[in-house]
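One structure is given here, and the rest of the page talks about it.
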Amino acid sequence: MPELPEVETIVRELRGRIEGKTVQHVQVLRRDVIYGADVPIEEHLLGRSIGKVTRRAKRITFDFKPPTRVVFHLGMSGRLNLVPCEEELKTHTHLTLTFEKSRHELRFVDPRRFGGVWLLDGTYESSTGRSLGPLGPEPFDLIPAKFALLLQRQKQIKALLLDQTLIAGLGNIYCDEALHAAGVHPTSRAGEIEADDTRRLLRAIKSTLHRAIRHRGSTLVDYRRANGDPGSFQRLHRVYNREGQPCKRCRTPIERMQVAGRSSYFCPACQPVRDA
DNA sequence: CGCATTTCCTGGAGGC
DNA sequence: TGCCTCCAGGAAATGC
């Protein structure tokens with residue numbers, strides 16, 4: 001389940017290995033995971049070279065000759081791997097790119113197909129199919145005053161943090177980890193959180209994400225780094241996927257409940273329900 | 001509009 | 001072993 005740290009890891013590992021490379025061959029195994037421009041992706045990319053590789057929230061962008069860009073969203077089971085060309089294709093490989101003067105190729109694999117590839121060529125607005133929705137600010141760009149303003153609504157704090165149009169990049173894992181680090185219960189109404197807790201929560205979000213990036217993300221089931229290796233931050237999770245296990249801060253058993261339709265892990269002692 | 005709930009999809013886990 | 005059901009989740013779609 002790639003969230004911001006996992007996507008950032010992949011971008012850092014791809015950047016430098018594929019920037020400047022010229023696309024030699026495009027293999028489309030599933031056309032219906034590619035959205036955006038009407039013209040086939042092969043025609044856009046063949047013989048063109050990759051400019052900058054960047055991340056915005058959970059999206060990865062390859063710049064080609066303007067205005068052409070390719071955006072990858074990994075959804076929950078998507079992978080973007082750079083592997084030796086001779087390596088066997090995994091099932092659910094939907095798109096591959098080979099490069100001139102390179103023994104490695106890029107592969108987009110996504111069994112559950114919650115992800116996708118968007119080909120943007122300036123005609124995007126008129127194109128059909130799934131669209132890339134608007135994004136809120138990057139967590140790292142937020143300052144306390146701006147964050148406090150975002151929280152002025154009745155939504156449950158966890159649902160708010162998961163809403164990509166308000167803050168972009170957090171998913172289920174890092175929401176739970178940040179809420180625990182800040183001592184905030186996931187069902188707290190955002191607008192009722194004390195100013196001190198609001199500041200603590202923003203700091204917790206940033207530090208949790210930074211630490212996760214340092215450990216190359218969390219691998220539970222599907223996520224892999226660009227070279228196929230797992231991340232290691234899952235070993236440092238304090239609440240996520242730890243139901244019944246002792247809180248790493250106070251030893252109280254971690255509980256699980258549904259919030260915003262998602263499994264949410266929290267410590268009932270460190271994250272008390274506060275009455276307004 | 002705001003907020004909550006349902007939907008898409010597959011592989012893995014667990015029951016029998 | 002095989003067959004069945006259920007569950008995980010990002011984010012769009014739908015409901016109220």
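Proteins come first, then strands; the chains are lettered A, B, ... in the order of their sequence lines, and each starts at number 1.
Of the inter-residue distances, the one linking A/Leu14 atom CG with A/Ile60 atom CD1 reads 6.5 Å to the nearest 0.5 angstrom.
For the pairing with A/Glu138, the salt bridge (Lys or Arg N to Asp or Glu O under 4.0 Å) check across A/Lys58, A/Lys206, A/Arg55 returns one residue only, A/Arg55.
Remark: P of B/dC8 and CG of A/Asp110 are 17 Å apart, rounded to the nearest angstrom. Distance, A/Lys155 NZ to B/dC1 P: 13 Å, rounded to whole Å. One can place CG of A/Leu162 at 14 Å from P of C/dA8, the figure rounded to the nearest angstrom. Taking atom CZ of A/Phe114 as the reference point, atom P of B/dT6 lies 15 Å away to the nearest angstrom. Distance CG (A/Asn241) to C1' (B/dG12): 13 Å, rounded to an integer number of Å. Separating the CG atom of A/Leu161 from the P atom of B/dC3 is a distance of 14 Å, rounded to the nearest angstrom. When rounded to the nearest whole Å, the span between CG of A/Asp32 and C1' of B/dT10 equals 14 Å. Distance A/Glu6 CD to C/dG10 C1': 13 Å, rounded to the nearest Å.
Using a 4.0 Å cut-off, no side-chain N or O of A/Arg30 falls inside it from OP1 or OP2 of B/dC9. For C/dG9, the OP1/OP2 oxygens have no side-chain nitrogen or oxygen of A/Arg112 closer than 4.0 Å. Contact annotation: A/Gln164 reaches the phosphate of C/dA11 (side-chain N/O to OP1 or OP2, under 4.0 Å). For the OP1/OP2 pair of C/dA8 and a distance below 4.0 Å, the side-chain nitrogens and oxygens of A/Ser263 include at least one atom meeting the criterion.
Residue A/His92 has its side chain nearest to B/dG11 when only C/dG9, B/dA4, B/dG11 are considered. For A/Tyr240, counting side-chain heavy atoms from C-beta on, the closest listed nucleotide (C/dA8, C/dA11, B/dG11) is C/dA8. Listed nucleotides: C/dG10, B/dC3, B/dC9. Nearest to the side chain of A/Arg153: B/dC3. Of the listed nucleotides (B/dA4, C/dG9, C/dG10), B/dA4 has the atom at the smallest distance from the side chain of A/Gln156.
With the nearest nucleotide of DNA chain B identified for both A/Gln154 and A/Arg113, A/Gln154 has the one nearer the 5' end. Between A/Ala260 and A/Val221, it is A/Ala260 whose nearest contact on DNA chain B lies nearer the 5' terminus.
Using a 4.0 Å cut-off between charged nitrogen and carboxylate oxygen, A/Arg216 and A/Asp229 do not count as a salt-bridge pair. For the pair A/Asp163 and A/Lys155, the salt-bridge criterion is met [side-chain N within less than 4.0 Å of a carboxylate O].
Within the nucleic acid shown, A/Arg189 comes within 4.0 Å of sugar-phosphate atoms alone, with no base atom in reach, counting heavy atoms only.
Under 3.5 Å, the side chain of A/Arg262 and the base of C/dG10 form at least one donor-acceptor pair of N or O atoms.
Ring to ring, A/Phe99 and A/His25 are not that close: their centroids are 6.0 angstrom or more apart.
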